[in-house]
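Here's the structure, in structure tokens; my notes come after.
Computation of the quantities below employed the complete heavy-atom set of this structure, encompassing side-chain atoms and omitting hydrogens, waters and symmetry-equivalent molecules.
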Amino acid sequence: MSLLLRDVKKSYREPGGGRLPVLNVKEYSLKAGEQAALLGQSGGGKTTLLNVISGIATPDSGDIVVDGVNLAKLPEPARDRFRAERIGIVFQTFHLLPAFSAFENVLLGMSFSGRANRGYARELLERVGLKERLNHKPGQLSVGEQQRVSVARALANHPKLMLADEPTASVDMANQNVILDLLRDTCREHGVSLLLVTHSPEVAGLFDRVDQLSDFNQPE
Amino acid sequence: MNLFSIAWKSLRQRWLASSLTSLSVSLGVALMVAILIVNGVVDQMFSQTGSGYSIIVGARGSRTQLIMSTIYRMDRPIENLPWRYFEEWKEHKWVERAVPMNLGDTTQEGGFPIVGTTPEYFLIPPIPDQPFRMKVEGDDKFNSTWDAVIGSQVARKNGWEIGSEFQMVHSGGEGHIHDEKFTVKGILAPTGTPNDRTVFVHIDGFFALDGHDKPVEEAIERELKFYPSESRADIEKRYAADLADIRAHAEEEASGGGHDHHHHHAVSDLQKEVTAVLVTLKNDDYGIRAQSLEAEINEGIQAQAARPTDVMGRLMINLVGNVKDAFLVLTGLIILVSGIGIFVSIYNSMADRKKEIAIMRALGARRQTVMLIILSESLLLCMLGAVIGLLLGHGLVFFGSPIIEQRAGLLIDPYSYNPWEFIVVPIMIAMSALIGILPGLTAYSTDVAEGLQS
Ligand SMILES: Nc1ncnc2c1ncn2[C@@H]1O[C@H](COP(=O)(O)OP(=O)(O)OP(=O)(O)O)[C@@H](O)[C@H]1O
Ligand SMILES: [Mg+2]
């Protein structure tokens, strides 16, 4: 699934009252099945960019075309549905639901698209090494384990576009490789486009394509 | 996962607050159930019984007391009337049946009220078109002095059968127990009226008991007062045969030595009395005769008359109705307050849940979906409260009914239910919608990006 951003602008209202421009992207694109690592300094707007792409945040202006559909022009319910069915997100801060077990969190990743598959949820958790932690609540998991649950959840709805915000920031070397392999292999197998934010040059080094945010983003 | 299981999980996460709020609802519902059931019983009791009689005649006093004692057997009888007055009623040209009734004693076992009456009592249906039926019938029913017929509850509670013998406790005194024994000759089928917890003894037996025949001198005095136009001579002349009998008997006893307590002579009409006369009228479809008879008697000085339907209707409206309304309003308030409790609990939790809601939205949940989840939580809390409340309420009735029966003489089937109970279902649905709407709208309008950062 291809991704194309054109003239995308996003600014935040500042506590002082003015506006803080964060994004101003003339053009940025990803081909179907392409995998790219995205580097950028802290506070540079990486998370904001991913939020705008997934429709979690609305841009001030511009087009976000995913698989030929301009999300910026789509009414909200349709955009929600699009996100539920075709976009997988690994959040920088995981965003697991505390009331639900690891297994249920993964199930929730599928529920809103109406395609819950318990077998697949279990399989994904096994693949990130959490076979023994299915029924633990997020509060009963280590930080790295929580991150792995969030990766499994992002894969749960068979997305066509995967947005991963530093998915390996909190795990050790062994698990970093497990997560990266799982993400990259699954995406490759199913022709999923992957945009992965990282601070680690080592992680970025694994990717054929590495983008610097500041190269295509010039907020004033 | 469906919306309900998602809602259920969030409720379980906050289990303490959830169960406390549910509990408050359940208390309201339990109270409502108990009140509805008691209401139903009171309703049935005060709307059905006694309407089989056109009028009831008793000693002067409160008409309500007359009805409470004769129909419900819950109040002390007022005073007694002379037998002669009862016989006049029997002769009255409008009267179809006049049945004597004597009240005041109770059974030694179980403390059930005892009614002394004639077999004719059972010929008047206690509820229109629902005549008395015998569940078990003895050979010679209710025809001789020591025969008794008992209500279904009496049979059940005391375990009495045909042939069981019992004694009665005399009213007024310090619980003096009559020596004489009555024998159960019939058991009534349940009627849903106070007859079910009544013991009927043959009026001849009732009179034969010690202290149930009025001393001669008192009886004459009373007749003088009751029939002011007659002189003592008139009365002595009327009862000449009786008086001669009594005198002969007294002499025989004085000379014949030892007084045989168990030897019963026929009680003279002079010494007999009745607590009330139950009257049905001929050709009185519209109750006009009953009304005019009632007015006529109440203008006189001898007795008072009450039309059961009239008194019971007023009782129902003025007393029972008001108490009932007050209770229902109270229950409504309790449910309302617990509803506000649920609202506060859910609404408070919304601040913490902004993030959860944003996460679900980020996972693709639509605005309506998160709103429905909150509404489901509200519905679950209310329904849970309702179910627990229904169980609790019936528990209350189950364990409380024997106590109420003892204290108030109200018979409540421990397993009874009132069809109106199921009104809690629509009430709870409406209430949960009302409670959930504001938090639901909060969820609906949550900004995803902002919520994720909070
Ligand atoms: N809700 C907001 N209101 C105002 N400013 C915001 C808001 N969210 C983010 N910002 C600002 O926008 C900038 C970009 O934030 P963003 O989270 O996209 O950075 P990032 O590149 O993901 O950083 P990091 O690598 O630390 O995660 C930051 O300077 C931040 O202060
Ligand atoms: Mg970030």
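In the model, N51(A) has no side-chain atom that pairs as donor or acceptor with a side-chain atom of T48(A) under 3.5 Å. Between the side chains of H394(B) and E421(B), at least one donor-acceptor pair of N or O atoms lies under 3.5 Å.
Of the two parts of E104(A), the backbone and the side chain both hold a non-hydrogen atom closer than 4.5 Å to a non-hydrogen atom of chain B. I89(A) touches chain B through its side chain: at least one heavy atom from C-beta onward sits under 4.5 Å away, while N, CA, C and O do not. Only the side chain of I359(B) comes within less than 4.5 Å of a heavy atom in chain A; its backbone stays farther off. Contacts between L11(B) and chain A at a heavy-atom distance below 4.5 Å are absent for every atom of the residue. Interface residue R153(A): only side-chain heavy atoms are found under 4.5 Å from chain B. Contact of R361(B) with chain A is made through backbone and side chain together, with heavy-atom distances under 4.5 Å.
The pair D67(A)-K160(A) does not count as a salt bridge, with every side-chain nitrogen at least 4.0 angstrom from each carboxylate oxygen. Looking at R122(A) and E126(A), no side-chain N of the basic residue comes within less than 4.0 Å of a carboxylate O on the acidic one, giving no salt bridge.
S22(B) contributes no side-chain N or O that, together with a main-chain N or O of S19(B), makes up a donor-acceptor pair within less than 3.5 Å.
Between F216(A) and Y28(A), the angle of the ring planes stays under 30°, which puts this pair in the parallel group of the 30/60° scheme.
Highest contact tally toward chain B, considering only N157(A), L107(A), L97(A), is held by L97(A) [criterion: heavy-atom pairs under 4.5 Å]. Contacts with chain B were tallied for A57(A), S54(A), P98(A), A156(A); P98(A) has the most, counting heavy-atom pairs under 4.5 Å.
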